[in-house]
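As the structure is a prediction and not an experimental result, all values here were calculated from the model. Just so you know, these numbers use all the heavy atoms, side chains as well, and skip hydrogens, waters and symmetry mates.
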Amino acid sequence: GASCGPTGSGSEAPGPSSTQVCLPFAFFASFVVPRFWGSEANVTNLNGPSNGSRTPDRIEIADALPESAHEAARRLRTQGDEALESGDPDAAAQAYHAAIASDPNSIRAHHNLGVALYANEDWEGARACFERCFELAPDDGDLRFKVGLCELKKVDLNKARRAFGEALELDDDHLGSRFELALLYARGDAPGSDGRQKAQEALKAILAAADRGVPCANLDRVCFLLGSLLDDTAKGRDEAIAIYRRGIEAEPLFAPGHNN
């Protein structure tokens with residue numbers, strides 16, 4: 001519960017105090033960690049463990065990236081979108097490849113091909129697509145975020161951390177990147193460690209952004225994670241209680257906030 005931080009699959013979690021309920025990481029991963037903010041990534045289902053990671057199993061197709069100037073590329077990209085939305089990522093990938101052959105600079109076709117490959121668990125292929133998109137749109141931090149998601153799926157945590165950091169250099173309010181960094185910082189680190197401190201700083205930055213009006217859905221989950229980390233030590237318990245209360249205000253029915 002409050003005493004069990006997001007340590008990752010196979011990591012050692014801090015022990016519970018005598019007055020608190022300790023939720024296993026499996027609960028944390030499946031209930032507390034779902035993706036919840038509306039970046040262009042529109043990522044959903046952050047609770048899908050794969051090779052020890054708990055990254056999203058789905059990324060939505062892009063509808064805001066620039067469209068190709070070539071009619072054939074647009075038509076083929078649309079066919080790919082329709083196939084992907086109908087649950088056929090293989091047919092979608094075929095259509096996207098054809099769109100890219102028609103227009104090699106079609107960023108939307110490259111992106112949505114990455115989405116199709118991600119759906120097929122081709123993490124490296126998806127990463128290459130999002131890297132190509134970033135070459136075409138080097139100011140788009142959300143594309144670095146998606147590269148980071150692929151690196152997480154590959155369980156290359158250093159590269160994932162680097163990609164999320166690069167996303168934040170381009171967009172300081174990319175809250176998804178901050179949240180993923182918080183999870184990476186806290187992963188397996190002991191209470192009071194430098195990693196846990198960095199995780200707290202990342203989560204506090206999310207709350208500060210929310211205070212400035214940056215959209216942040218499901219703020220309760222951020223509060224629960226931050227409260228869990230603050231609750232690692234006795235001196236952080238009062239602040240943890242205040243954070244839990246903020247989470248409950250955001251979502252009165254969020255049970256872990258009441259439990260802790």
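Remark: side-chain polar atoms of H110 are paired, donor with acceptor, to backbone N or O of P104 under 3.5 angstrom. Between the S86 side chain and the A83 main chain, a donor and an acceptor come within less than 3.5 Å of each other. In this structure, the side chain of D140 engages the main chain of D142 through a donor-acceptor pair within 3.5 Å. Looking at N112, its side chain does come within 3.5 Å of a backbone N or O of A62 through a donor-acceptor pair. In this structure a side-chain-to-backbone donor-acceptor pair under 3.5 Å is present from R108 to L65. Side-chain atoms of R74 come within 3.5 Å of backbone N or O of S68 as a donor-acceptor pair.
Between A210 and C216 the shortest heavy-atom distance is CB-CB, 4.4 Å.
The residue from E135, R132, H70 that alone fulfils the side chain to side chain donor-acceptor pair (under 3.5 Å) condition with N105 is R132. Checking each of L225, L226, V222 against I206 for a side chain to side chain contact (heavy atoms under 4.5 Å, CB included) leaves exactly one that passes, namely V222.
The shortest side-chain heavy-atom distance between R77 and I100 does not fall under the 4.5 Å cut-off. Side chains of D231 and Y244 form a contact here, defined as non-hydrogen atoms less than 4.5 Å apart. Inter-residue side-chain proximity for D238 and L230 is flagged as unmet; no heavy-atom pair is nearer than 4.5 Å. Taking 4.5 Å as the limit, some side-chain heavy atom of R144 sits within range of a side-chain heavy atom of E131. Looking at Y96 and I61, their side chains come closer than 4.5 Å, going by heavy atoms from C-beta outward. Within the 4.5 Å cutoff, the side chain of E151 has no heavy atoms near those of the N158 side chain. The shortest side-chain heavy-atom distance between H97 and L113 falls under the 4.5 Å cut-off. Residues F130 and I59 meet the side-chain proximity criterion, which asks for heavy atoms closer than 4.5 Å.
Relative ring orientation between F145 and H174 is described as tilted, the plane-to-plane angle lying within the 30° to 60° band.
Criterion: ILVMFWY side-chain heavy atoms under 4.5 Å apart, direct or through other members. Under it, L183 and L207 are part of a common hydrophobic cluster.
Under 3.5 Å, the side chains of D194 and Y185 contain no donor-acceptor pair of N or O atoms.
Summarising the local packing, CD of Q94 is surrounded by 12 or fewer heavy atoms from other residues, nucleotides or ligands at distances under 6.0 Å.
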